[in-house]
There are 2 protein chains.
Amino acid sequence: MSIRTTMADVARESGVSLMTVSRVINGKVDVSEDTRQRVLEVIDRLDYRPSGIARSLATRRTGTIGLVMPDVSNPFFSDVARGVTTAAYREDYNVFLCSSEEDSHRELDLLHSLEEKRIDGLILCSSRLADEVLAAALANFPSAVLVNRRWRETGVGTVLADDETGARMLVAHLLHSGRRRIGLLAGPPMSHSGSARLRGYQRALATAGFSCEDALVQPCAPVVNGGLDAALTLLAAQPQIDALFCYNDLVAVGALQACARLGRRVPDDVAVAGFDDIPLAALMTPALTTCRVPRYELGVRATEVLLTQIDGRPGECCEVVVPVEMVVRASAP
Amino acid sequence: MSIRTTMADVARESGVSLMTVSRVINGKVDVSEDTRQRVLEVIDRLDYRPSGIARSLATRRTGTIGLVMPDVSNPFFSDVARGVTTAAYREDYNVFLCSSEEDSHRELDLLHSLEEKRIDGLILCSSRLADEVLAAALANFPSAVLVNRRWRETGVGTVLADDETGARMLVAHLLHSGRRRIGLLAGPPMSHSGSARLRGYQRALATAGFSCEDALVQPCAPVVNGGLDAALTLLAAQPQIDALFCYNDLVAVGALQACARLGRRVPDDVAVAGFDDIPLAALMTPALTTCRVPRYELGVRATEVLLTQIDGRPGECCEVVVPVEMVVRASAP
DNA sequence: AGGGGTTTCGTTAACGCTAACATAATTATA
DNA sequence: TATAATTATGTTAGCGTTAACGAAACCCCT
């Protein structure tokens, strides 16, 4: 494969001009059936594959989108990634995957690299960037969709799960089952899920006529070890806690481990609820009560919104909110 | 961001030629400190970002690699993906992610799309393609590394886990603990792990002086439901089975579910062993005995081999085998 | 038969960079 | 001091496509 065959080769070989070959490849109509067949035969024989690079330079479109997320190996994001790649594949787009490893400096760096690659659009998940930095970065992309981050500016699409409702349902459920000291292991405040789940927690308590104490809210990294550490800290400081509402299922798994280590029975002494309903949730012992977030669909919707934007019809429906569903299992019956 | 600023803008604005700007950007030495500073200042002021597309066309390198895998949301592959993106980021490469969803037609289609994108190299994980189809596809890439697939042809890198050794250790462990009728839930035969784990199973039995019965080997899709179905089938057909060696941890989880459904106690009636040691494995009840495969490292090594190849020094060390480690837990003590 | 419309194809000039060579200005060497 | 070597910059010609325009050949109608 040392030297690639080019369109000129195909043109020469089939005795037509460059443009005719180009037209055949792009399915333009003004080519006679005769020459079309002849050119296609040559293309096939030479195993010619057009250069997307050259085409991109000429058309100013790359057929490429960027996907940036804090951690591909987090089951939440890997499901989103699957949705994005699948929806992109359907429309003949390729996807640049970038995993920022929860590092906002790296996130910005990755965005710059995508800029140079001239992607047609960006899907940015759970950005950890501050508002003004994010605004500046987004301005350099022809179009963009944010997943799990609320954004006022027009021209930027937004796809969110209905986190607040989910959180309210879960906390209401905990209250309904008699829990009165509900701790919160809170997630990244920059993300929509982080702030909306906190808000849902607060509102559910307020609605039921309970006060919301800061001492019951513990910040927490959104992974198993984050949940373990935070739960150990919180349970030590507030031993009277009888329920833990966790930012996500991974954190809830950590909380389960903390309870085991402290000899607190789940759900008898402490009820535990997670969020997202990743596959793990149903498999834990006790199985996790949680809230199902359609992660794959989140990725698909984000891609659809983005491609719509790319195709020039932006405007309407720029903020998609997908519903969630409470799933009651043994950890908080 | 409607119309992008180009190198010509920077050149005009700073009163130098295109080449001087190009030299500054690419860190070439033959530019005086004076002009370098002046050009850099203009670049910064105009927020200029060079077009990777144009550069790629001129240099015939894209700074891009392709990553193709059967399923991004499988925790095994999402860890590999994290390794690849991280190693690529270090060397300023971007990664095209393609998830074939276990569909070989789609896999081939994705490879073609990557060809048009003119990637500098390909990392193909657990390809489901037949040998001759794969050979034809690989011929069109400047360089390639296969993960989890043995490949004879020179010029193609290969990264494998030492699956056979791992399988032998696990099966030997099962035998050592007194199990005598060990069923195998076998994985994709096209992949190295599929065939090598089968071989390890057979050899371990042979070494211990036991015969290997075909009736104890059940083909199985490499996911939880595949394991559930296959284990139900196998345990029904061969009720005397006292251990299940599973292709991977997801399959093992399915096997656990099957045992529960059939009222077989684990590990008392049936011991269950998985493979890979995905995070889930340690969290199951009972926790899974398994074999740790360094998935992240697999991705990193694959990328390093690939980038070495791209940089022109191929040859040596084209087949990397990474060691695995047995992890004994409650499901097969 | 001549004007206007289709169809089908070709020519030219970008797209935004860099490789390779050319040139001018400076410094070192004999 | 003349010449060669060095440093700093510019010029030209691609890289492999497509957009935009143009032109020939054919058809239809009056």
Side-chain angles (χ1 to χ4, degrees), chain A residues 1-40 42-43 46-64 113 115-120 140 142, chain B residues 1-40 42-43 46-64 113 115-120 140 142:
Chain A
M1 83 122 281
S2 46
I3 197 66
R4 283 231 164 233
T5 105
T6 133
M7 204 153 112
D9 299 330
V10 177
R12 191 175 340 98
E13 192 77 9
S14 42
V16 297
S17 73
L18 276 178
M19 271 317 289
T20 301
V21 178
S22 174
R23 287 186 183 108
V24 169
I25 287 173
N26 294 293
K28 298 284 167 66
V29 281
D30 4 352
V31 181
S32 72
E33 197 48 34
D34 263 19
T35 51
R36 174 186 308 281
Q37 287 310 326
R38 188 151 36 98
V39 170
L40 285 176
V42 172
I43 287 177
L46 300 188
D47 194 26
Y48 167 68
R49 198 90 49 189
S51 162
I53 294 296
R55 172 184 287 152
S56 297
L57 190 58
T59 60
R60 299 141 151 282
R61 299 175 83 270
T62 54
T64 277
S113 76
E115 229 183 287
E116 299 204 350
K117 290 293 191 284
R118 296 294 191 263
I119 56 173
D120 293 333
N140 292 319
Chain B
M1 84 120 281
S2 45
I3 198 67
R4 284 233 163 229
T5 107
T6 135
M7 206 153 112
D9 299 330
V10 177
R12 191 176 337 101
E13 193 77 7
S14 41
V16 298
S17 73
L18 276 177
M19 271 316 290
T20 301
V21 178
S22 173
R23 287 187 182 106
V24 170
I25 286 174
N26 294 293
K28 297 286 167 64
V29 282
D30 5 348
V31 181
S32 72
E33 198 48 33
D34 263 19
T35 51
R36 174 188 308 281
Q37 287 309 326
R38 190 151 34 97
V39 170
L40 284 176
V42 173
I43 287 178
L46 300 187
D47 194 25
Y48 168 67
R49 198 90 49 189
S51 162
I53 294 296
R55 173 185 286 150
S56 296
L57 190 57
T59 60
R60 300 142 149 281
R61 299 176 82 269
T62 55
T64 276
S113 76
E115 228 182 290
E116 298 203 351
K117 290 293 190 285
R118 296 295 191 263
I119 56 173
D120 293 334
N140 292 320

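Note that the coordinates shown come from a computational prediction; the quantities given were computed from them, not determined experimentally. Lettering of chains follows the sequences in order, A, B, ..., and the numbering in each one begins at 1.
Taking atom NZ on K28(A) and atom C1' on dG10(C), their separation rounds to 15 Å, with Å as the unit. Here the C1' atom of nucleotide dT17(D) and the CZ atom of R4(A) are 15 Å apart, to the nearest Å. Regarding M7(B), its CE atom lies at a distance of 12 Å from the P atom of dG10(D), rounded to whole Å. Between L18(A) atom CG and dC15(D) atom C1' there is a gap of 13 Å when expressed in whole angstrom units. Straight-line distance from the CG atom of D34(B) to the C1' atom of dT9(D): 13 Å, rounded to whole Å. Atom pair R61(B):CZ and dC17(C):P shows a separation of 18 Å (rounding to whole Å applied). R12(B) places its CZ atom 12 Å from the P atom of dG16(C), with the value rounded to the nearest Å. Rounded to a whole Å, the CZ atom of R49(B) is 17 Å from the P atom of dG16(C).
At the phosphate of dT18(D), OP1 or OP2 sits under 4.0 Å from a side-chain N or O atom of R55(A). OP1 and OP2 of dT17(D) both lie 4.0 Å or more from every side-chain N or O belonging to S22(A). OP1 or OP2 of dC17(C) has not a single side-chain nitrogen or oxygen of S56(B) nearer than 4.0 Å. One finds a side-chain N or O of R60(A) lying less than 4.0 angstrom from the OP1 or OP2 phosphate oxygen of dG16(C).
Residue pairs meeting the salt bridge (Lys or Arg N to Asp or Glu O under 4.0 Å) criterion with at least one partner in residues 14-34 of chain A, sequence neighbours excluded, are E33(A)-R36(A).
Rounding to the nearest 0.5 Å gives a distance of 9.5 Å between CG of L40(A) and OG1 of T35(A). Interatomic distance, N140(A) CG to D47(B) CG, rounded to the nearest 0.5 Å: 5.0 Å. The distance from atom NZ of K117(A) to atom OG of S56(B), rounded to the nearest 0.5 Å, is 6.5 Å. Between the OG1 atom in T64(B) and the CD1 atom in I53(A) there is a gap of 7.0 Å [rounded to 0.5 Å]. Separating the CZ atom in R12(A) from the OG1 atom in T5(A) is a distance of 9.5 Å, to the nearest 0.5 Å.
The 5' end of DNA chain D is approached more closely, in terms of each residue's nearest nucleotide, by G15(B) than by the other of G15(B) and A58(A). In terms of position on DNA chain D, the residue among L57(B) and I25(A) whose nearest nucleotide sits closer to the 5' end is L57(B).
Checked against dC17(C), dG16(D), dT17(D), the side chain of Y48(B) finds its nearest nucleotide in dC17(C). Each of dT17(D), dC17(C), dT18(C) was ranked by its minimum atom distance to the side chain of N26(B); first place goes to dT18(C). Distances were taken from every side-chain heavy atom of M19(A) (C-beta onward) to each of dT18(C), dA20(D), dC15(C); the shortest belongs to dA20(D).
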Restricting both atoms to N or O, compile the protein contacts to nucleotides 5-9 of chain C shorter than 3.5 Å, with distance only.
{"from": "dC9(C)", "atom 1": "OP1", "to": "S32(A)", "atom 2": "OG", "distance (Å)": "3.3"}
{"from": "dC9(C)", "atom 1": "OP2", "to": "S32(A)", "atom 2": "N", "distance (Å)": "2.7"}
{"from": "dC9(C)", "atom 1": "OP2", "to": "S32(A)", "atom 2": "OG", "distance (Å)": "3.3"}
{"from": "dC9(C)", "atom 1": "OP2", "to": "T35(A)", "atom 2": "OG1", "distance (Å)": "3.0"}

Under 3.5 Å, which protein N or O atoms sit close to an N or O of nucleotides 23-25 of chain D? Give each pair with its distance.
none

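Scanning for salt bridge (charged side-chain N to carboxylate O under 4.0 Å, His left out) contacts around E115(A) gives R4(B), R49(B), with sequence neighbours left out. Scored by the side-chain hydrogen bond (donor to acceptor under 3.5 Å, both in side chains) test, S51(A) finds no partners at all (sequence neighbours excluded). Scanning for side-chain hydrogen bond (donor to acceptor under 3.5 Å, both in side chains) contacts around T62(A) gives D120(A), with sequence neighbours left out. Partners of S22(B) according to the side chain to side chain contact (heavy atoms under 4.5 Å, CB included) rule, which considers only residues two or more places apart in sequence or in another chain, are M7(B), M19(B), N26(B). Applying the side-chain hydrogen bond (donor to acceptor under 3.5 Å, both in side chains) criterion to T6(B), with sequence neighbours excluded, gives no partner residue. Partners of R61(A) under the side-chain hydrogen bond (donor to acceptor under 3.5 Å, both in side chains) rule, at least two apart in sequence or in another chain, are Y93(A).
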Using the side-chain contact (heavy atoms from CB on, under 4.5 Å) rule, take V16(A) and V24(A) through it: C-alpha gap first, then chi angles, then the decisive distance, then the call.
CA-CA 11 Å; V16(A) 297; V24(A) 169; over 6 Å; no
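Using a 4.0 Å heavy-atom cutoff across all strands shown, I53(A) reaches no nucleic acid atom at all.
Axis orientation changes by 40° from one end of the helix from dA1(C)-dT30(D) to dA30(C)-dT1(D) to the other, with each end axis drawn from 5 pairs and the value rounded to 10°.
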